[in-house]
Novice: 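Please find one structure pasted underneath; my questions will follow.
Below, read A as the first sequence line, B as the second, and so on, with proteins coming before strands; counting in each chain starts at 1.
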Number of protein chains: 2
Amino acid sequence: MIDLELPAGDERIADRIARRLQGQILAGEIVPGEKLPSQRKLAGSLGVSREAVREAVVVLQNHGLIETYHGGGSFCKNLFDGFFELPMRDQDQNSHNLQCQVMEMREVLEGEAAYFAALRATDNQRQRLTAEYQRMLERGSGETTLKKAKADLTFHMLIAESSHHFIVMSISQVLYNKYFNAMYGVLSKALKKSGNYPPKIGVQHDQIYQAIMDQDAGEARKVAQQHIRYTRDQMLD
Amino acid sequence: MIDLELPAGDERIADRIARRLQGQILAGEIVPGEKLPSQRKLAGSLGVSREAVREAVVVLQNHGLIETYHGGGSFCKNLFDGFFELPMRDQDQNSHNLQCQVMEMREVLEGEAAYFAALRATDNQRQRLTAEYQRMLERGSGETTLKKAKADLTFHMLIAESSHHFIVMSISQVLYNKYFNAMYGVLSKALKKSGNYPPKIGVQHDQIYQAIMDQDAGEARKVAQQHIRYTRDQMLD
DNA sequence: CAAGCAAAGTGGTCTGACCGAAAGTGTGGG
DNA sequence: CCCACACTTTCGGTCAGACCACTTTGCTTG
């Protein structure tokens, strides 16, 4: 029986197993495509119950490290397989719902961020905003959706920082960090609908940029909200 | 026994349960911080084994939606917890700057909360809102400022819950829990200026209440924002 | 009213079992 | 010799019941 008592004893056994297997995968002891030992064998060799192993398997599934087939076994996943199909997975009602909620929050949040950024952005932040905006213009097309999404995120995050508003910034960070996938999904949907990056989005980015530069806070809020609302509408059927 | 056969039958039961619970969380049926039914009760009410429920719980844990404690139960997690951590002493809560920012955030946040509450509040929530509103009316004066602040908080939190908007609810909770002192400070200042509880606040509460009851979402947002803006103005010198 | 203790509630783990799907095995006929 | 078919084994999915450890609750007692 293999010992896995190394970590603190107050950790769930399933998590210890999951960590152990994940370590083996990352260390290359288990190669992508390779079949894992059956749950019963793992349970036996580790000296734990099968349920503990099963919960560990669920953890690794959710981490995207393994795939299991009823009657077939569990297999180490190639992390690059399906890497480019990420946006369309999770097309269930829940993720659609979450995407809606994120965009609804962004509408007011980025409105405020733009408002305060117009009022309080420092010269340095104005320069960085200009630089980032130029980069977005130059690259324009010919980029992957993912890169566009990241550029979009950087632009909006810069605005949030420029707002000098602790709470707006904090919420923006959480939203961007935790729900990037949801936002990315929105962008993908919008892209698939209109064929390519809607030119209107470029115009809206320009309006936001100009309003902030002109220190026209009210206008900045208005166009920022319009921008998010437009993106959200693109997503809806 | 509750039916969860809706999705394709080839999906694991645990995933169906996880999706169901996630839906309830996003829809605001389970509020951040709220305790979930015990695994045994869930298993019983859904007509499945406890192991299936346990695996669903593991899924939601990995999604960061719930937290479970040995012997304590599982709780819906507030995803925004811990992100507003900033070295902040208690007296900082009285800083003019922070109070301003809290009220600025509240203005948009409670606007949205009222908007969605008008659209989606359940009958039960309408009743509770009515009851709470009645209590505020009856007690009117003769209370300490602290109690008024708490009643105010309860009223607004009830609206946030009625929004059935996971993100709006989460942010409201964090704001109310973390910055209650700051909000209390605002109210104190307003009180000291005008001598007593401004009657206009009562009128505004009534407007918000009525708009939600009338399911007039746009009006609800407008008057809620006016209410916060008015309170904030009272605070300013 | 407070402190301490017993009971109930709850998650964590184990055992054993059955089902259906997939994979492996052997046998028969071409 | 190879292929097709049926049988057996293996495997994951689900269920039932049990026991342990920890937390919460509530009641008793000082």
Side-chain angles (χ1 to χ4, degrees), chain A residues 1-22 24-25 30 33-77, chain B residues 1-22 24-25 30 33-77:
Chain A
M1 187 209 302
I2 298 168
D3 189 23
L4 38 75
E5 292 296 334
L6 311 160
D10 61 345
E11 189 184 16
R12 279 163 65 244
I13 290 184
D15 290 333
R16 265 180 277 176
I17 301 172
R19 193 211 318 277
R20 178 193 174 81
L21 288 174
Q22 179 170 339
Q24 289 180 313
I25 292 175
I30 302 175
E34 185 179 340
K35 185 177 176 181
L36 271 65
S38 76
Q39 295 174 359
R40 288 176 177 85
K41 284 179 183 167
L42 272 176
S45 66
L46 295 175
V48 300
S49 74
R50 196 181 145 208
E51 171 166 348
V53 172
R54 280 188 58 76
E55 291 187 10
V57 166
V58 171
V59 171
L60 294 180
Q61 282 174 355
N62 284 313
H63 285 196
L65 285 175
I66 66 174
E67 258 173 349
T68 95
Y69 303 92
H70 186 180
S74 291
F75 296 83
C76 179
K77 205 167 159 184
Chain B
M1 188 208 305
I2 298 168
D3 190 23
L4 37 76
E5 292 297 333
L6 311 159
D10 60 347
E11 190 183 17
R12 280 162 64 243
I13 291 184
D15 291 332
R16 264 179 279 175
I17 301 172
R19 193 209 312 280
R20 177 193 173 80
L21 288 174
Q22 179 174 340
Q24 288 181 309
I25 290 174
I30 300 175
E34 186 177 340
K35 186 176 178 183
L36 272 65
S38 76
Q39 295 174 358
R40 288 173 177 85
K41 284 180 185 167
L42 273 176
S45 66
L46 295 174
V48 299
S49 75
R50 196 181 145 205
E51 172 165 347
V53 172
R54 280 188 59 77
E55 291 186 11
V57 166
V58 171
V59 170
L60 294 180
Q61 282 174 355
N62 285 317
H63 284 200
L65 283 176
I66 67 174
E67 259 174 352
T68 94
Y69 304 91
H70 187 180
S74 290
F75 296 83
C76 180
K77 204 168 159 183

Novice: Please compare A/Tyr69 and B/Val57 by the position of their nearest nucleotide in DNA chain C and report the one closer to 5'.
Specialist: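 Nearest-nucleotide comparison on DNA chain C picks B/Val57.
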Novice: In whole Å, I'd like the distance from the CD atom of B/Glu51 to the C1' atom of D/dT14.
Specialist: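 Checked: the CD to C1' distance equals 7 Å.
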Novice: So which one's nearest nucleotide on DNA chain D is more toward 5', B/Arg40 or B/Ser49?
Specialist: B/Ser49
Novice: Checking side-chain contact (heavy atoms from CB on, under 4.5 Å) between A/Ser74 and each of A/Leu42, A/Val53, A/Val57, which is the one that passes?
Specialist: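 That would be A/Val57.
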Novice: Over how many whole Å does the gap from B/His70 atom NE2 to C/dG9 atom P extend?
Specialist: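 B/His70 atom NE2 is separated from C/dG9 atom P by 16 Å.
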Novice: Rounded to whole angstrom units, what separation is found between the NZ atom of A/Lys41 and the C1' atom of D/dT10?
Specialist: 8 Å
Novice: How close or far is atom P of D/dC11 from atom CZ of A/Arg50, stated in whole angstroms?
Specialist: 10 Å
Novice: Rounded to whole angstrom units, what separation is found between the CZ atom of A/Arg12 and the P atom of C/dC14?
Specialist: 12 Å
Novice: Please report, rounded to the nearest Å, how far the P atom of C/dC14 is from the CG atom of A/Leu42.
Specialist: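 After rounding, the gap between these two atoms is 14 Å.
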Novice: So, taking the atom named CD1 in A/Ile25 and the one named NE2 in A/His63, what distance separates them when rounded to the nearest 0.5 Å?
Specialist: 11.0 Å
Novice: Whole Å only: how far is the CZ atom of B/Arg54 from the P atom of D/dC15?
Specialist: 15 Å
Novice: On DNA chain C, nearest-nucleotide positions of A/Lys35 versus A/Ala14: which is more 5'?
Specialist: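 Its nucleotide being nearer the 5' end, the pick is A/Ala14.
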Novice: Working to the nearest 0.5 angstrom, can you tell me the gap between A/Arg40 CZ and A/Arg54 CZ?
Specialist: 9.5 Å
Novice: Across the strands shown, which category fits B/Gln39 at heavy-atom distances under 4.0 angstrom: base, sugar-phosphate, nothing?
Specialist: sugar-phosphate
Novice: Tell me the interatomic distance from B/Phe75, atom CZ, to C/dG11, atom P, rounded to whole angstroms.
Specialist: 9 Å
Novice: With a 4.5 Å cut-off on side-chain heavy atoms, are A/Leu65 and A/Lys77 touching?
Specialist: no
